[in-house]
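Since the structure comes first, as structure tokens, the remarks are kept for the end.
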Amino acid sequence: MSTRTLKSLMLVAQKGGVGKTAIATMLAHYLALLRGKRVLVINLDHQKNLVRPLSQSGKVTMASITSDKLLTDPKADVEVAPYVLVPGDKDALESLERQPDKHNAFAGNFRSFLRRMEGKFDVVVVDTNPNPDIRVLAAMVSIDYVLAPIQLNQESIDGIADLFNGKRVGIGRIRATLNKELKFLGMLPNLVKPVPFQRVNLEKLLAVPEYRAQLMGMKDNPTEIKDLARIPDRTVIAQIQASGQVLWEVKNHTAAREAWAEIKPVMDRIAQLMGVE
Ligand SMILES: Nc1ncnc2c1ncn2[C@@H]1O[C@H](COP(=O)(O)OP(=O)(O)OP(=O)(O)O)[C@@H](O)[C@H]1O
Ligand SMILES: [Mg+2]
């Protein structure tokens, strides 16, 4: 019987700007601060979008190594603390793709790093870059769970086939070959607005059985729109992402309270699907 208790999750998308980083930030805060889990956040993106809000929040311990080392150094280690962030170094991360002869080793190193974190952390959250390069591949062959934020526009929906069947990091392909344990938590509509075209797009997704099965439900086997997980478009989310505040800690702000009331059930559901106790 497996004694593994560490759960790891990565956020992926076919397209930039769909909210991977905003959701990674809120989920990491939720797991660490509200659920009391030991959380390790890994930023594999070379943009600073994740590091800024987490470090500004004053809640995380910054690791002394950068995330490229988790791929290049077979002995990479991080400090043990309740809530740790491994930041990304732009040049070092971007250079990884240019070393194809080492890509197998990079993926192996990342995988064994995650294994070594067993017992030190309860949950690992990995935020990735939007382009399907070795960073995304190394994470996807190593990780337990994948969550894919989408936007309900045509471009995003056209990209869904690639999300599953894309040559290099299609979730279906990886699951069939390199990581048979990979579990897909689903597509999570983000930036959802009550406008007709978004509703039509969601209905279109629900109507295609292969897509419906891949939408994250608030309960198992969702059949109706009301059963689907979604995160609304709320200005306050962009604001806290920019200021480093924690959504449910924002005081005297009705919009923050209302947004959190809508988002918390989605965070609860993600934790439940990951088997976080
Ligand atoms: N639900 C939301 N409501 C309002 N703003 C949001 C929401 N989700 C994300 N945003 C904002 O939208 C912008 C893009 O989000 P984010 O940076 O999380 O996307 P991303 O998928 O990580 O992008 P990239 O591909 O560049 O890494 C950010 O300014 C973020 O604060
Ligand atoms: Mg991002």
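Read the numbers this way: they start at 1 and go in the same order the structure lists the ligands and their atoms.
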Is there a polar contact, in the sense of an N or O pair closer than 3.5 Å, between Asp127 and ligand 1? no
Any non-hydrogen protein atom below 4.0 Å of atom 12 (O) of ligand 1? no
If the plane angle is over 60° it's perpendicular, under 30° parallel, otherwise tilted; pick one for His29 and Tyr83. perpendicular
Can you measure from CG (Leu40) to CD (Glu79) and round to the nearest 0.5 angstrom? 10.0 Å
Using a strict 4.0 Å cut-off to heavy atoms of Ala22, name the atoms of ligand 1 that fall inside it. 8 (N), 9 (C), 18 (O)
Do Thr128 and ligand 1 have an N or O pair less than 3.5 Å apart? no
Any donor-acceptor N/O pair, Arg116 side chain to Ala76 backbone, under 3.5 Å: yes
Just wondering, more than 12 heavy atoms not from Lys183 lying within 6.0 Å of its NZ? yes
Ligand 1-proximal atoms of Pro130, by part, heavy-atom distance under 4.0 Å: side chain
Could you find the nearest protein heavy atom to atom 19 (O) of ligand 1 and give me its residue, atom name and distance? Gly19 N, 3.0 Å
Element-labelled atoms of ligand 1 that are located less than 4.0 Å from some non-hydrogen atom of Asp233: 3 (N), 4 (C)
Hey, mind stepping through Glu249 and Lys59 against salt bridge (Lys or Arg N to Asp or Glu O under 4.0 Å) and telling me if it holds? CA-CA 12 Å; Glu249 291 183 358; Lys59 311 278 186 190; 3.1 Å; yes
Does atom CD of Glu203 have more than 12 heavy-atom neighbours from other groups under 6.0 Å away? yes
Tell me, which protein residue and heavy-atom name are nearest atom 25 (O) of ligand 1, and how many Å apart are they? Lys20 NZ, 2.9 Å
Using a 3.5 Å distance criterion without hydrogens, assess whether the side chain of Arg135 forms a donor-acceptor pair with backbone atoms of Asp68. no
Atom 6 (C) of ligand 1 protein-contacted (non-hydrogen atom, under 4.0 angstrom): yes
Enclosure of Asn104 CG (heavy-atom neighbours >12, cutoff 6.0 Å): no
At the 4.0 Å heavy-atom cut-off, does Gly17 count as touching ligand 1? yes
Could you see which bit of Pro232 sits under 4.0 Å from ligand 1, with heavy atoms only: side chain, backbone, both or neither? backbone
Verify same cluster id: Leu188, Tyr145 (apolar side-chain graph, 4.5 Å): yes
Distance under 4.0 Å to a non-hydrogen atom of Gly16: what atoms of ligand 1 satisfy this? 25 (O)
Roughly how far, to the nearest 0.5 Å, is CG of Asn221 from CZ of Arg212? 9.0 Å
Could you tell me whether a side-chain N or O of Asn109 sits under 3.5 Å from a main-chain N or O of Leu70, the two making a donor and an acceptor? no
So the atoms of ligand 1 within less than 4.0 Å of a heavy atom of Asn190 turn out to be 1 (N), 2 (C), 7 (C), 8 (N), 9 (C)
Can you sort out which atoms of ligand 1 are near Ala238, meaning under 4.0 Å from one of its heavy atoms? 5 (N), 31 (O)
Pick one of side chain, backbone, both or neither for how Arg234 approaches ligand 1, counting any non-hydrogen atom pair under 4.0 Å. backbone
Work out which heavy atom in Ile263 is nearest to a heavy atom in Pro232; give both atom names and the distance. CG1-CD, 4.3 Å
Considering only heavy atoms of Gln241, which atoms of ligand 1 have at least one such atom less than 4.0 Å away? 31 (O)
Using a cut-off of strictly less than 2.8 Å, determine whether Thr128 has an N/O/S atom near the Mg ion (ligand 2). no
Can you pull out the closest protein heavy atom to atom 10 (N) of ligand 1? Residue, atom name and distance to 0.1 Å, please. Leu191 CD2, 4.0 Å
Any chance the side chains of Asn153 and Glu155 put a donor and an acceptor closer than 3.5 Å? no
Indicate, as side chain, backbone, both or neither, the part of Asp45 found under 4.0 angstrom from ligand 1 when only non-hydrogen atoms are considered. side chain
State whether any protein heavy atom lies less than 4.0 Å from atom 28 (C) of ligand 1. no
Near Gln47 (heavy-atom distance under 4.0 Å), the atoms of ligand 1 are 24 (P), 26 (O), 27 (O)
Atoms of ligand 1 close to Ile231 [distance to a heavy atom under 4.0 angstrom, numbered from 1]: 1 (N)
